[in-house]
Number of protein chains: 2
Amino acid sequence: MARARSEERRGDIVRAALEVIAERGYRGATLGAVAERVGLSQQGLLHYFPTKDALLVAVLQERDRWDTSGAGDREGWRLDLLDSLVEYNAMRPGIVQTFSALLGESVTDGHPARAFFTERYAQVRENMARVLRLEYGERLPGGLTPEQAAPLLTAVMDGLQYQWLLDPASVDMPAAFRDFLKLLTGEQRRGPGSGGS
Amino acid sequence: MARARSEERRGDIVRAALEVIAERGYRGATLGAVAERVGLSQQGLLHYFPTKDALLVAVLQERDRWDTSGAGDREGWRLDLLDSLVEYNAMRPGIVQTFSALLGESVTDGHPARAFFTERYAQVRENMARVLRLEYGERLPGGLTPEQAAPLLTAVMDGLQYQWLLDPASVDMPAAFRDFLKLLTGEQRRGPGSGGS
């Protein structure tokens, strides 16, 4: 019972953090601001999440769970949902900024979020490869195997986010991602005499 | 004369910082460690670079100048050099880690490296598009225009770096980048009856 209440409280805090991140971005999402939003003292918040990094990792895990929940039984990212996910991300710069900033920090030595991201990417690559195999078999129309395409798909999503966060007026993130999907799935080709659509 | 000496000193400091970064990574590259390497007091170093971020930006600018210097008159990234550049990067995790960590930080509000990265990416996209146009004309074999391909090429390089830094045993960064180049330039295709290479 106490455990269930504690879990519920953690969920409240994560949701409050998501709201604060959406409104104020990575830097504005201080432990103090989140504690205030959820009606706790900062000391009380530290009982649930001992550091800002620990709280942010919980927020990103919750986002991943939510973003992949549409995939139902297939347990993972569906290719036709990725396009919509990138569109959706383009409307929530606060959480994308938080993800990108924490990812950047995580590659430095001994960072507390390193294990989360390492594990996350291993899982994302595996899920994407499985989904690509279900959809295209052993080779995608563009010529790559699912295992070759998965890290590229992931890399394009992450890399575009940095360019878009830095210069949203110059980088149309959803359009660029659709270009990549076409390349990968062979929907856009210039062949001799193909003439285009 | 004093100006020339000052420029020379700045150059020494940037080279020393590069060495320290290569040996100790992003976190180990403190202003104190760099000052010691170049035989200055930390106070003396601050005269040339007031913050660690300012020094790191100078290091990354120097790296960009160096990495593109092989391009000669074309003033920019050459596509056939990008492959070698990624191979080269796979042998210098310290500087790639520094680039990736600082890029992550730069997307947060008011970060001092934000202007550097924003400008850098605008220039990199422009240079890449020009090089792709010289090589392929208005449309690449994979079907994209040079302006569509440039942000994707950049995004793949950056995104793969994060996956590789986090898990070098699982991600073969140069091989993955070559897969992407093939996709972009149409060297790998499965067509009806093509039968492979």
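Note: hydrogens, waters and symmetry copies are ignored here, and every other heavy atom, side chains too, is used. Quick note on labels: first sequence line is chain A, next is B, and so on, each numbered from 1.
Here A/R114 is the residue among A/H111, A/E105, A/Q161, A/R114 with the most heavy-atom pairs under 4.5 Å with chain B. Ranking A/Y121, A/Y162, A/F99 against chain B, the residue ahead of the rest is A/Y162, based on heavy-atom pairs under 4.5 Å. When each of A/A122, A/G159, A/A115, A/A155 is scored by its heavy-atom pairs under 4.5 Å with chain B, the top score falls to A/A155. Between chain B and the options A/T98, A/D172, A/D109, A/T154, the largest number of non-hydrogen pairs under 4.5 Å is found for A/D109. Of all the listed residues (A/S100, A/A176, A/P151, A/P93), the one sharing the greatest number of non-hydrogen pairs under 4.5 Å with chain B is A/P151. Of the listed residues A/V156, A/L103, A/L153, A/D158, the one with more heavy-atom pairs under 4.5 angstrom with chain B than any other is A/L103.
Heavy-atom minimum distance, A/A150 versus A/L132: N-CD1, 4.2 Å. The shortest non-hydrogen separation linking A/R10 to A/Y48 is NH1-O, 3.2 Å. Of all heavy-atom pairs between B/G142 and A/L183, the closest is O-CD1, 3.5 Å. Contact between A/L140 and A/A149 at its shortest, heavy atoms only, is CD2-CB, 4.0 Å.
Interface remark: A/V107 contributes backbone and side-chain atoms alike to the contact with chain B (heavy atom separation under 4.5 Å). Contacts between A/S106 and chain B at a heavy-atom distance below 4.5 Å involve backbone atoms as well as side-chain atoms.
Salt bridge status for B/D167 with A/R125: present, with a side-chain N to carboxylate O gap under 4.0 Å. Taking 4.0 Å as the cut-off between side-chain N and carboxylate O, A/R5 and A/E8 do not count as a salt-bridged pair. Electrostatic pairing of A/R130 and A/E135 does not count as a salt bridge here, judged by no charged N lying under 4.0 Å from a carboxylate O.
Residues of residues 24-38 of chain A placed with any heavy atom under 4.5 Å of a heavy atom in chain B are listed by number as A/R24, A/Y26, A/R27.
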Test side chain to side chain contact (heavy atoms under 4.5 Å, CB included) applied to A/L60 and A/I95, step by step: CA-CA 8 Å; A/L60 295 178; A/I95 186 75; 4.1 Å; yes
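For the atom pair A/F177 CZ and A/N89 CG, the distance stands at 10.0 Å (nearest 0.5 Å).
Side chain of A/E23 to main chain of A/V20: no donor-acceptor pair is present (N/O by atom type, distance under 3.5 Å, no hydrogens or angles).
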